[in-house]
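For reference, the structure discussed in these notes is given below.
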Amino acid sequence: MGKSVFHLGASVAKIFLVLPHQQIESKLQAAVRLVLPDAEVSAVLVRPCDPKFGDYQSNALMSLAKMRKLNPRQLATDVLAKLDVSEVCEKIEIAGAGFLNFRLKTALLAQTLEAAACGEHLFFGKAAQPRTVVIDFSSPNVAKPMHVGHIRSTGIGDALQRSLRLLGHRVISDNHIGDWGTQFGKLLLGWKQVLDRPALEHDAIAELERLYKIINAECDANPARLEAAKSELVKLQAGDAENVGIWKEMIALSQKQFDAIYGRLGVKFDFALGESFYNPWLGEVVADLLTRGIARESEGAVGVFSDGSLPPKEDPFLVNRDGEWVADPALVRKSDGGFNYMTTDLATIDYRLKTWAPDEIIYVVDDRQAGHFKKLFLTFARWKAADATKTKLVHVGFGKIMDEDGKPFKTRSGDTVKLGELLDEAEERAYKIVSEKSAELPEAERKEIARVIGLGAVKYADLLPNRQSDYIFSWDKMLALQGNTAPYLVYAYARIKSIFRKSEAESASHNPQSAIVLVAPEELTLAKHLLNFGITLEAVAEELRPNYLCNYLFELAGKFTSFYENCPVLKADDAATRASRLVLCDLTARVLKQGLATLGIETVEQM
RNA sequence: GCAUCCGUAGCUCAAUUGGAUAGAGCGUUUGACUUCGGAUCAAAAUGUUGGGGGUUCAAGUCCCUCCGGAUGCACCA
């Protein structure tokens with residue numbers, strides 16, 4: 001768990017080179033095994049810690065001691081007797097109730113940075129045991145504009161797929177597009193009766209949205225219209241040529257919109273298998289569930305009911321009404337014969353398992369659907385018990401976006417904010433700021449900087465808060481140049497780049513082979529923080545929380561700034577110091593760029 | 001009604017999931033420009049982690065309870 005190693009290409013004799021904390025960790029685990037042969041050492045980890053205690057600490061011995069009723073400090077002493085990390089660390093301290101504090105040797109720190117400077121690694125390694133992970137995210141609906149609600153799923157999902165890929169996992173990203181369902185009855189009716197062709201050609205999504213709103217309102221008021229819409233849907237589902245043709249055209253028009261937005265956001269999917277893809281299997285799924293007695297008929301519909309294996313409080317198939325626990329089934333077939341999204345989702349899991357045999361499927365979907373996923377996962381486990389043990393199903397939920405009054409984020413007129421328009425506004429606002437601060441740059445360059453900063457600001461603001469909580473959308477905060485924002489981080493990067501421009505102008509370009517000399521406290525602090533990039537990436541991949549990376553990068557920028565203020569680079573006292581500091585600058589820039597890229601955020605060389 | 005999630009500095013949020021003295025940014029106050037990008041930096045003040053109880057070497061984190069908020073509860077997804 002959390003272990004990773006570097007692959008050094010053709011080098012056979014020395015296949016693995018581990019980062020200092022990994023060496024400490026593996027030697028510590030070996031020492032624990034010597035003292036407690038039957039101990040489970042996978043939880044024996046070291047973590048970066050408060051510098052007043054050391055560079056890394058382990059608190060694992062305290063819980064081991066507790067389980068065995070040993071004196072934790074005595075256990076620590078015994079383990080230390082078997083532990084030799086003298087190549088990596090200064091003397092290890094036992095502190096507090098039984099913490100182990102490790103302090104890195106400066107020479108080893110410098111060596112690690114030198115290897116990074118020569119391109120051997122960038123402070124992270126490929127996972128020792130790569131996992132196959134399906135990530136399901138974004139999932140927009142056909143015939144509807146993408147809106148703010150899609151930012152979170154798309155941004156978090158993309159950051160997760162990038163993080164997992166960087167660590168060497170096999171990722172299959174799949175956009176489960178909403179291209180099937182009851183809304184198409186209304187859309188088809190609208191298309192046939194009130195379609196405005198020129199409007200469709202001008203702005204297809206807006207026209208489709210208009211159709212839907214008209215028919216939807218009519219259906220609410222008039223049952224006959226609702227029947228008409230339903231019959232269009234039945235015809236579509238029966239394969240009626242005209243309706244299928246219209247449906248396909250609606251999908252194609254929507255796909256153009258999706259492609260445009262994903263292009264701007266730089267988000268790519270390996271697959272976009274929409275709901276309709278699973279249509280052929282839905283009947284079989286329900287039949288199989290019925291045969292196995294997992295689902296049964298009720299009030300004309302077919303649903304999965306509680307099997308009584310969980311206490312009522314924890315059973316998602318039960319709900320308490322007026323003090324009594326009553327059934328709250330997961331419907332897999334409606335009384336009119338149509339299928340529900342539960343059915344599609346079951347077929348989807350089944351398909352993914354058969355096709356990719358993933359270790360894990362991750363759904364990046366709004367927290368409001370937590371109940372649905374609970375039912376889905378439990379139903380699947382009952383349906384395909386053997387498969388379910390091989391694949392972990394995870395719902396990565398997230399909160400809502402609120403406005404500055406704490407209400408759901410809407411336009412002034414109360415409509416949902418369209419994603420395309422939001423991105424336009426981000427770029428416009430960024431352009432205004434860039435033009436104000438850097439009027440001397442040519443317009444095309446200011447536009448490009450504004451694009452990177454504007455989109456980056458929106459993405460970063462979305463990734464920074466802990467994903468489970470709601471967050472408040474604020475243009476001023478996300479676009480601010482001070483504070484934990486994308487513009488600040490990109491600025492930090494650009495500032496480093498300017499040092500290199502200047503250095504080259506002085507025809508004294510930087511040599512990555514230079515020896516690293518770490519003397520000033522700011523140099524040491526920065527160097528140690530660089531080493532923690534990989535630990536952070538692993539934490540992101542493990543906990544599925546990109547905000548860890550945001551905070552790491554912000555701290556990196558802060559530690560760099562403090563170095564920059566206190567340690568002259570180009571004006572260093574001697575050539576060796578100057579060369580060493582240039583390497584530190586270069587490594588910081590590379591980690592910043594790689595880190596931001598992992599969040600799906602671009603950088604600019606100048607701003 | 002029941003369930004789930006949440007409540008942390010004036011504001012917006014962290015806290016690597018049970019670790020040491022709860023941290024940032026904004027805002028406020030004060031200071032630093034002939035010095036590598038001032039779109040910057042440094043320093044200061046700010047807390048009964050909603051209240052109460054419990055579990056243990058250790059609780060913002062786990063358990064119970066109360067208060068407050070959000071969300072979800074049969075044929076939409």
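Every chain is numbered from 1 and lettered A, B, ... according to where its sequence line falls, protein lines coming before strand lines. In what follows, every heavy atom counts, from backbone to side chain, and hydrogens, waters and symmetry copies are set aside. Predicted model, so just to flag it, every value in this text is computed and none were measured.
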* To do: Pull out every residue in residues 474-482 of chain A that has a heavy atom closer than 4.0 Å to any atom of RNA chain B, ordered by number, or say none.
  => A/Lys477, A/Leu481, A/Gln482
* Asked: Between B/U12 atom C1' and A/Phe409 atom CZ, what is the distance in whole Å?
  -> 15 Å
* To do: Please evaluate the base of B/A42 for a donor-acceptor partner in the side chain of A/Ser562 within a cut-off of under 3.5 Å?
  => no
* **Sequence neighbours excluded - salt bridge (Lys or Arg N to Asp or Glu O under 4.0 Å) pairs with any residue from residues 398-407 of chain A** => A/Lys400-A/Asp470
* Going by modelled atom types, is there a donor-acceptor pair between the base of B/U4 and the side chain of A/Arg368 at under 3.5 Å? -> no
* If we take the P atom in both B/U65 and B/U4, what is their distance in whole Å? -> 11 Å
* Please state the P separation for the pair B/U34 and B/U28 - nearest whole angstrom. => 25 Å
Show me the donor-acceptor pairs, under 3.5 Å and distance only, between side chains in residues 555-562 of chain A and residues at least two apart or in other chains.
{"unit_1": "A/Thr561", "atom_1": "OG1", "unit_2": "A/Ala557", "atom_2": "O", "d": "2.8"}

* To do: Decide yes or no, distance alone: a donor-acceptor N/O pair under 3.5 angstrom between the base of B/A42 and the side-chain of A/Glu565.
  => no
* B/A32 versus B/G50 - spacing of their P atoms, nearest Å -> 40 Å
* Pairing residues for A/Arg68 by the salt bridge (Lys or Arg N to Asp or Glu O under 4.0 Å) criterion, not counting sequence neighbours -> A/Asp38
* Asked: Any side-chain N or O of A/Asn547 under 4.0 Å from OP1/OP2 of B/A15?
  -> yes
* Find the distance A/Met607:CE to B/A39:C1' and express it as a whole number of Å. => 7 Å
* 5'-to-3' dot-bracket of RNA chain B (Watson-Crick, G-U; under 3.5 angstrom; crossing pairs as [ ]; | other strand) -> (((((((..((((.....[...)))).(((((.......))))).....(((((..]....))))))))))))....
* Asked: Counting just side-chain N and O atoms, does A/Arg47 come under 4.0 Å of either OP1 or OP2 of B/G19?
  -> no
* Asked: Should the pair A/Asp55-A/Lys528 be classified as a salt bridge under the 4.0 Å nitrogen-to-oxygen rule?
  -> yes
* To do: Tell me which of A/Ser469 and A/Gly371 sits closer to the 5' end of RNA chain B, going by the nucleotide each one is nearest to.
  => A/Ser469
* Looking only at atom types and distance, does a side-chain atom of A/Ser153 sit under 3.5 Å from a main-chain N or O of A/His150, one as donor and one as acceptor? -> no
* Syn/anti state for B/U17 [syn: chi within 90° of 0] -> syn
* Asked: Can a donor-acceptor pair under 3.5 Å be found between the side-chain atoms of A/Asn101 and the base atoms of B/A20?
  -> yes
* Asked: Would A/Phe53 and A/Phe99 count as a close aromatic pair, with their ring centres under 6.0 Å?
  -> no
* Asked: Which nucleotide in the list B/C6, B/C76, B/G37 gets nearest to the side chain of A/Gln468?
  -> B/C6
* To do: Could you verify whether a donor N or O on one side chain and an acceptor N or O on the other, from A/Glu605 and A/Tyr493, lie under 3.5 Å apart?
  => yes
* To do: Indicate for each nucleotide in nucleotides 57-70 of chain B, in 5' to 3' sequence, whether protein heavy atoms under 4.0 Å reach the base (B), only the sugar-phosphate (S), or nothing (-).
  => B------------S
* **Integer-rounded Å distance: B/U35 C1' and A/Leu570 CG** => 12 Å
* Asked: If only side-chain N and O atoms of A/Tyr491 are considered, is one of them under 4.0 Å from the OP1 or OP2 phosphate oxygen of B/C41?
  -> no
* Rounded to whole angstrom, note down the C1' distance from B/U16 over to B/C76. => 39 Å
